[in-house]
Asker: 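Would you mind keeping the following structure in view while I ask a few things?
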Amino acid sequence: MLEVKNLSKSFGGVHAMQDVSFTVRAGSVHSVIGPNGAGKTTLFNLISGVYEPTRGEILLDGENVAGLPSDQLARRGMSRTFQNLQVCMNMTACENVMLGAHLRTRSSLLGGMTGAMRRADAALREEALRLIDDVGVGRHAHLHATQLSFGLLKRLEIARALASKPRLLLLDEPAAGLNDTETHEITELIRRIAASGVTVLLVEHDMKLVMNISDHLLVLDYGRKLAEGTAAEVRDNPRVIAAYLGTEAASEAVEIAEAA
């Protein structure tokens, strides 16, 4: 579904991304790991149209979409969440999710006069309520975002991303700041999303989540690809252990993978 070829991004004299290439299979959960400053969010911003690459290609279903703005990518089936929540706090949970479907709505003066717009709005609201319920926020659908906990807001943002009916969903640290119970719930939610046929590209620091859910991993090191492979291959890669996991964390990752 997604192929990245020799992707590079420079900010002045700083090379934030250097010749990174990888492929994401349709229907898979593909994770990107690395410490702060490794280039994970820069990679997401390049793929999702926030940044324009200095060099390289981003192929979505075989078409080079590098440099296209985010709205055009959304029309092609790509959606994302953000490391720092991008929720409209002056809206209800339901209204936030409805906002995510705006690319699929059509409005006109005639439509409003004939009631077609009102019927479309009612259908959109019904779909938003279904998505909110699917992510576990159903009881809070009509509360303002300011009344929701951080964990619920994380799930709400995923529901809004799903409202555009993406085929490729980019999740930027969905478990950041969550407790163990909330992280488990997010893990199960990602499993259900992938099982529904949506391809997931995931950036996450929680190694337990990553090792248990990923079909394939990409490891970044200062904007370069250090390694890639299955969870077991990455877990046992000495370069990854040395650069990212450390001895204690690597042992924990081994125990997690063996238990799974």
Side-chain angles (χ1 to χ4, degrees), residues 1-26 28-60 66 78 80-83 168-176 183 187 190 194 199-260:
M1 172 172 285
L2 180 72
E3 186 176 4
V4 173
K5 293 183 176 181
N6 303 315
L7 194 62
S8 299
K9 179 64 179 177
S10 297
F11 297 96
V14 178
H15 301 293
M17 187 67 48
Q18 301 182 63
D19 295 317
V20 170
S21 298
F22 64 99
T23 301
V24 177
R25 274 193 307 109
S28 67
V29 177
H30 197 115
S31 293
V32 181
I33 64 172
N36 291 329
K40 303 183 300 297
T41 296
T42 297
L43 177 63
F44 260 36
N45 286 339
L46 288 166
I47 292 172
S48 63
V50 177
Y51 296 156
E52 186 170 349
T54 303
R55 185 176 64 254
E57 294 180 307
I58 302 168
L59 304 177
L60 182 62
M78 183 189 300
R80 72 167 290 184
T81 65
F82 292 83
Q83 181 179 347
L168 174 62
L169 177 63
L170 281 63
L171 298 177
D172 194 350
E173 297 196 26
T183 298
T187 302
I190 296 171
T199 304
V200 176
L201 183 59
L202 171 72
V203 162
E204 184 53 63
H205 280 291
D206 189 306
M207 292 307 299
K208 180 177 181 180
L209 187 160
V210 168
M211 290 294 179
N212 279 328
I213 205 171
S214 304
D215 297 303
H216 203 84
L217 282 85
L218 168 71
V219 189
L220 294 179
D221 182 21
Y222 295 105
R224 291 183 178 274
K225 182 170 72 174
L226 177 66
E228 64 176 329
T230 65
E233 290 167 344
V234 168
R235 175 199 69 196
D236 296 333
N237 188 311
R239 296 177 65 200
V240 175
I241 294 172
Y244 293 94
L245 302 179
T247 304
E248 182 178 347
S251 297
E252 179 184 355
V254 170
E255 292 173 3
I256 291 167
E258 289 176 345

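One is the number of the first residue; the rest follow in order along the sequence.
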Asker: Considering only residues two or more places apart or on different chains, which pairs with a residue in residues 35-46 satisfy salt bridge (Lys or Arg N to Asp or Glu O under 4.0 Å)?
Answerer: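 Not a single pair qualifies under salt bridge (Lys or Arg N to Asp or Glu O under 4.0 Å).
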Asker: So P174 and I190, do their side chains get closer than 4.5 Å, heavy atoms only?
Answerer: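 In short, these two side chains touch, coming nearer than 4.5 Å.
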Asker: Applying side-chain hydrogen bond (donor to acceptor under 3.5 Å, both in side chains), can you list everything that pairs with K225, at least two apart in sequence or on another chain?
Answerer: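 For K225, the residues satisfying side-chain hydrogen bond (donor to acceptor under 3.5 Å, both in side chains) (neighbours in sequence not counted) are E228.
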Asker: Hey, does S28 have a side-chain heavy atom less than 4.5 Å from the side chain of V200?
Answerer: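 A side-chain contact under 4.5 Å is absent here.
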Asker: Just jot down the side-chain hydrogen bond (donor to acceptor under 3.5 Å, both in side chains) partners of T81, sequence neighbours excluded, or say none.
Answerer: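 Not a single residue meets the side-chain hydrogen bond (donor to acceptor under 3.5 Å, both in side chains) criterion with T81.
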Asker: Could you list the residues that satisfy side-chain hydrogen bond (donor to acceptor under 3.5 Å, both in side chains) with R55, not counting sequence neighbours?
Answerer: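 If we apply the side-chain hydrogen bond (donor to acceptor under 3.5 Å, both in side chains) test to R55, skipping adjacent residues, the hits are S8, D19.
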Asker: Keeping N237 on the side-chain end and E233 on the backbone end, is there a donor-acceptor pair under 3.5 Å?
Answerer: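 Flag not set: sc N237 to bb E233 has no pair under 3.5 Å.
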Asker: Quick one: do L168 and L60 satisfy side-chain contact (heavy atoms from CB on, under 4.5 Å)? Show the steps, please.
Answerer: CA-CA 9 Å; L168 174 62; L60 182 62; 4.1 Å; yes
Asker: Determine, stepwise, if the pair I33 / M207 fulfils side-chain contact (heavy atoms from CB on, under 4.5 Å).
Answerer: CA-CA 9 Å; I33 64 172; M207 292 307 299; 4.1 Å; yes
Asker: Taking E3 for its side chain and I58 for its backbone only, find out whether a donor-acceptor pair lies under 3.5 Å.
Answerer: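 Answer holds: no.
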Asker: Please check: side-chain N/O of K9 versus main-chain N/O of L46, any donor-acceptor pairing under 3.5 Å?
Answerer: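 Pair absent, no side-chain N/O of K9 close to backbone of L46.
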Asker: Does D172 have any salt bridge (charged side-chain N to carboxylate O under 4.0 Å, His left out) partners at least two apart in sequence or in another chain, and if so, which?
Answerer: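 Per chain and number, D172 pairs via salt bridge (charged side-chain N to carboxylate O under 4.0 Å, His left out) with R80.
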Asker: Under 3.5 Å, is there a donor-acceptor pair between the side chain of E204 and the main chain of D206?
Answerer: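 Yes, E204 side chain to D206 backbone: donor-acceptor pair under 3.5 Å.
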Asker: Mind checking whether F44 and Y51 have ring centres under 6.0 Å apart?
Answerer: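 Ring-ring flag for F44/Y51: false, centres at least 6.0 Å apart.
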Asker: Take L202 and L209 through the side-chain contact (heavy atoms from CB on, under 4.5 Å) test and state the conclusion after the steps.
Answerer: CA-CA 10 Å; L202 171 72; L209 187 160; 3.7 Å; yes
Asker: Less than 4.5 Å apart, any side-chain heavy atom of H30 and any of R25?
Answerer: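 With C-beta onward as the side chain, the pair stays apart.
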Asker: Going by the rule side-chain hydrogen bond (donor to acceptor under 3.5 Å, both in side chains), which residues pair with S10 if we only count those two or more places apart in sequence or in a different chain?
Answerer: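 So S10 forms a side-chain hydrogen bond (donor to acceptor under 3.5 Å, both in side chains) with H15.
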Asker: I'd like to check I47 versus L2 (side-chain heavy atoms, cut-off strictly below 4.5 Å). Are they in contact?
Answerer: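 Yes, their side chains come closer than 4.5 Å.
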Asker: Does any non-hydrogen side-chain atom of L201 lie less than 4.5 Å from one of V32?
Answerer: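 Yes. Closest side-chain heavy atoms under 4.5 Å.
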Asker: Can you see which heavy atom on V210 is nearest to which on S31, and at what distance?
Answerer: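 Between these two residues, the closest heavy atoms are CG1-CB, 4.0 Å.
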Asker: If every non-hydrogen atom of S48 is compared with every non-hydrogen atom of L170, which pair is closest and at what distance?
Answerer: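 Residues S48 and L170, closest heavy atoms: CB-CD2, 4.2 Å.
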Asker: Check for a donor-acceptor pair, side chain of S21 on one end and backbone N or O of N6 on the other, with a separation under 3.5 Å.
Answerer: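 Checked: pair present.
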Asker: Working note: L43 + L218, criterion side-chain contact (heavy atoms from CB on, under 4.5 Å); need CA distance, chi angles, decisive distance, verdict.
Answerer: CA-CA 11 Å; L43 177 63; L218 168 71; 4.1 Å; yes
